[in-house]
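One structure below.
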Amino acid sequence: MKKLSTIIIMVLLVAEGSAQIKEQKQDTLYKSRVLESTEIDILTSYYSQDGDNAAVSGGIGTEKLTDFTPTIVVSIPLNDDDVLTLDAGISSYTSASSSNINPFDGDHEADPFQASSGASRADLYTNVTGSFSHSSDDRNRIWSGKLSLSNEFDYSSFGFGGSYAWLFNEKNTELSINGNVYLDKWKLLYPVELRSFTGQMGDDEDGEDERIPWEKITGHTPYNPSFNGFNDESRNSYSLGLGFSQILSKKLQGSLSLDLVRQDGLLSTPYHRIYFGDKPDSFIENFQLADDVERLPGIRSKLAIGGRLNYYLNETFVARTYYRYFTDDWGINSHTASIEIPIKISDKFTLYPSYRFYNQTAADYFAPYEQHLSTEKYYTSDYDLSKFSSNQYGFGVSYTDIYTKLRLWKLHMKSIDLKFYRYERNSSFRANMVSFGIKFTMDDL
Amino acid sequence: MRKKIILLILVSGFLVSCTAVKEYEKVSLNDPDMALATKKTDRFETNFQAYREAASGANGGKTGGGCGCN
């Protein structure tokens with residue numbers, strides 16, 4: 001993969017050198033601002049899902065989850081060439097995945113097909129990203145850098161990255177390169193019944209009651225799994241992205257992009273239970289106690305190649321298409337294809353019907369509930385790493401007012417977007433999502 | 001896989017050699033719906049896909065890291 005990326009970088013450098021020779025001296029002396037005024041995007045989404053193959057309960061049980069995410073993105077022109085963008089969001093979610101880490105703290109019998117109603121059922125994910133971009137006087141070169149922070153109950157992240165884009169051939173061609181590093185850290189939260197084997201037992205920081213009704217244990221007793229916690233709490237991700245876009249005619253343009261990613265550290269999720277087929281089963285109420293948690297290799301390399309092709313059919317219709325091939329060294333191969341047909345029904349309103357197909361092969365380490373053996377080195381029953389295909393149907397509507405007539409204080413409304421998605425796997429998994437965005441431009445204060 | 005990448009690069013080379021479209025001919029290409037990037041509201045879609053699917057990247061969204069996703 002390193003050789004491959006080296007070859008591609010060399011090709012890009014050679015292309016830049018040769019094109020510089022050809023570059024026409026058409027760069028205008030007049031320099032317009034990269035961003036005329038401050039722009040504010042207020043975005044939000046509501047997401048819900050359900051299914052019967054929860055990873056927290058070893059491949060069986062409810063995957064119920066709801067998530068509400070308000071986000072604000074503010075882009076500020078610092079001068080003619082530079083733009084500062086601040087992006088902050090809060091994701092408020094309730095999930096069976098987090099609640100069934102401790103299925104015994106609710107007001108009903110513990111059951112993998114019912115989310116616990118205890119304190120662990122809801123939490124917050126917060127993230128802040130700041131980015132800065134600089135454009136050259138001829139607007140043919142753009143540099144940018146970014147810093148990001150995020151935090152949730154069991155995971156925190158610090159990230160940084162940069163990118164460089166170069167336009168040439170009368171801005172018909174663009175080459176870009178970007179790199180990102182994420183230094184993440186887990187808070188090691190194991191399934192509650194395994195914590196007594198790591199010395200983690202007790203009331204946690206949220207005051208959550210972690211007492212387990214051991215007197216109700218049925219099936220195999222005594223419950224005494226051979227469990228060792230993880231030593232590594234970190235997860236580091238390094239990505240290199242290359243992009244190429246090209247205008248092909250007055251109505252057709254396309255792009256190719258390639259992402260190379262390497263991750264190391266704790267790539268397993270510490271609270272995903274595993275039930276081995278060669279170990280006896282113990283239960284409390286209707287909930288089976290874990291034999292272990294998922295164990296995945298400490299290194300993963302990914303390669304994604306994607307292409308977009310957009311065609312302007314006429315004043316009413318545009319066709320937007322996308323395809324991606326993905327492969328990694330865990331044995332996953334995937335194809336994604338999507339199409340969206342924006343339909344302009346007036347000068348202000350556009351409709352966005354869309355369809356997306358996705359499929360993937362299973363990771364080498366995946367097996368369903370009770371199918372793993374305790375003699376294996378790596379194992380997971382996370383159905384997100386299983387073989388599946390999915391269909392996604394979307395419909396959106398957009399209102400755009402290029403004259404920004406609607407005003408609120410110093411804000412001028414530019415556009416409103418509303419979209420709905422329905423996602424269906426070839427299993428019991430289903431998800432729905434509604435997203436909403438409103439864009440304002442702002443007068444100088 | 002390497003052959004596919006080389007093929008992509010060669011195809012890219014042919015595309016670069018196409019006749020350049022002048023600025024005044026880009027009326028259709030400048031339509032916002034012709035952008036080769038996704039809209040800001042589409043970030044939520046790519047985020048949930050990064051959590052629920054093993055594949056990610058090459059779409060302007062997450063490639064891994066920064067979240068407890070795949």
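In what follows, every chain begins at residue 1, and chains take the letters A, B, ... in the order their sequences are listed.
B:F44 touches chain A through backbone and side chain together, each having a heavy atom under 4.5 Å away. Neither the backbone nor the side chain of A:Y383 comes within less than 4.5 Å of any heavy atom in chain B. Of the atoms belonging to A:S150, it is side-chain heavy atoms, and not backbone ones, that fall under 4.5 Å from chain B. Residue A:L252 touches chain B through its backbone alone, counting heavy-atom pairs closer than 4.5 Å. Contacts between A:Y312 and chain B at a heavy-atom distance below 4.5 Å involve backbone atoms as well as side-chain atoms. When heavy atoms are compared at a cutoff of 4.5 Å, A:Y352 approaches chain B solely by way of its side chain, counted from C-beta outward. Contact of A:D87 with chain B is made through the side chain alone, with heavy-atom distances under 4.5 Å. For a residue to count as touching a neighbouring chain, one of its non-hydrogen atoms must lie under 4.5 Å from one of that chain's; by this rule A:T336 does not touch chain B. With a 4.5 angstrom heavy-atom cutoff, A:S91 does not touch chain B via any of its atoms. Only the side chain of A:V73 comes within less than 4.5 Å of a heavy atom of chain B; its backbone N, CA, C and O stay farther away. For a residue to count as touching a neighbouring chain, one of its non-hydrogen atoms must lie under 4.5 Å from one of that chain's; by this rule A:Q392 touches chain B with the side chain only. With a 4.5 angstrom heavy-atom cutoff, A:Q360 touches chain B only via side-chain atoms. A:F436 touches chain B through its backbone: at least one of N, CA, C or O sits under 4.5 Å from a heavy atom, while the side chain does not. A:L43 touches chain B through backbone and side chain together, each having a heavy atom under 4.5 Å away.
Per-residue heavy-atom pair counts under 4.5 Å with chain B were compared for A:E340, A:K250, A:E315, and the maximum is reached by A:K250. Per-residue counts of heavy-atom pairs under 4.5 Å with chain B were compared for A:S245, A:G159, A:G254; the largest is that of A:G254. Here A:Q253 is the residue among A:Q253, A:K419, A:E63 with the most heavy-atom pairs under 4.5 Å with chain B. Here A:T44 is the residue among A:T44, A:N236, A:L309 with the most heavy-atom pairs under 4.5 Å with chain B. Most heavy-atom pairs under 4.5 Å with chain B: of the set A:V318, A:N333, A:T400, this distinction falls to A:V318. Of the listed residues (A:A319, A:S255, A:A431), the one with the most heavy-atom contacts under 4.5 Å to chain B is A:S255.
Here the CG atom belonging to A:L65 is positioned 10.0 Å from the OH atom belonging to B:Y51, to the nearest 0.5 angstrom. How far NZ of A:K171 is from NZ of B:K26: 7.5 Å, rounded to the nearest 0.5 Å. A distance of 13.5 Å separates OH in A:Y323 from CG in B:N59, rounded to the nearest 0.5 Å. In this structure, OG on B:S28 lies 11.0 Å from CD1 on A:I247, to the nearest 0.5 angstrom.
A:Y423 is listed as a side-chain neighbour of B:E53, based on a closest heavy-atom distance under 4.5 Å. Two residues are said to be in side-chain contact when any heavy atoms from C-beta on lie closer than 4.5 Å; B:K39 and A:S398 meet this criterion. Side-chain contact between A:N172 and B:K22 is absent, with no heavy atoms from C-beta onward closer than 4.5 Å. By the 4.5 Å heavy-atom criterion applied to side chains, B:E23 and A:E170 are not counted as neighbours.
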TODO: Determine, stepwise, if the pair A:Y421 / B:D42 fulfils side-chain hydrogen bond (donor to acceptor under 3.5 Å, both in side chains).
DONE: CA-CA 11 Å; A:Y421 299 100; B:D42 292 337; 3.1 Å; yes
- [ ] For side-chain contact (heavy atoms from CB on, under 4.5 Å), just list the numbers for A:S435 and B:E45, CA-CA rounded to whole Å, side-chain angles, deciding distance to a tenth of an Å, and then say yes or no.
- [x] CA-CA 8 Å; A:S435 64; B:E45 179 197 355; over 6 Å; no
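Scanning for side-chain hydrogen bond (donor to acceptor under 3.5 Å, both in side chains) contacts around B:K40 gives A:D41, with sequence neighbours left out. In this view, A:K344 and B:D31, B:D33 satisfy the salt bridge (Lys or Arg N to Asp or Glu O under 4.0 Å) rule, not counting sequence neighbours.
Closest approach of A:R300 and B:A54 over heavy atoms only: NH2-O, 3.3 Å. Residues B:A37 and A:R320 share a closest heavy-atom pair of O-NH2, 3.1 Å. Nearest heavy atom pair, residue B:A55 against residue A:F326, reads CB-CG, 3.4 Å. Taking every heavy atom of both residues into account, B:R52 and A:R425 meet most closely at O-NH2, 2.6 Å. Closest of all the heavy-atom pairs between B:L29 and A:S249 is CD1-O, 3.5 Å. Across A:S257 and B:A58, no two heavy atoms sit closer than the pair OG-O, 3.4 Å.
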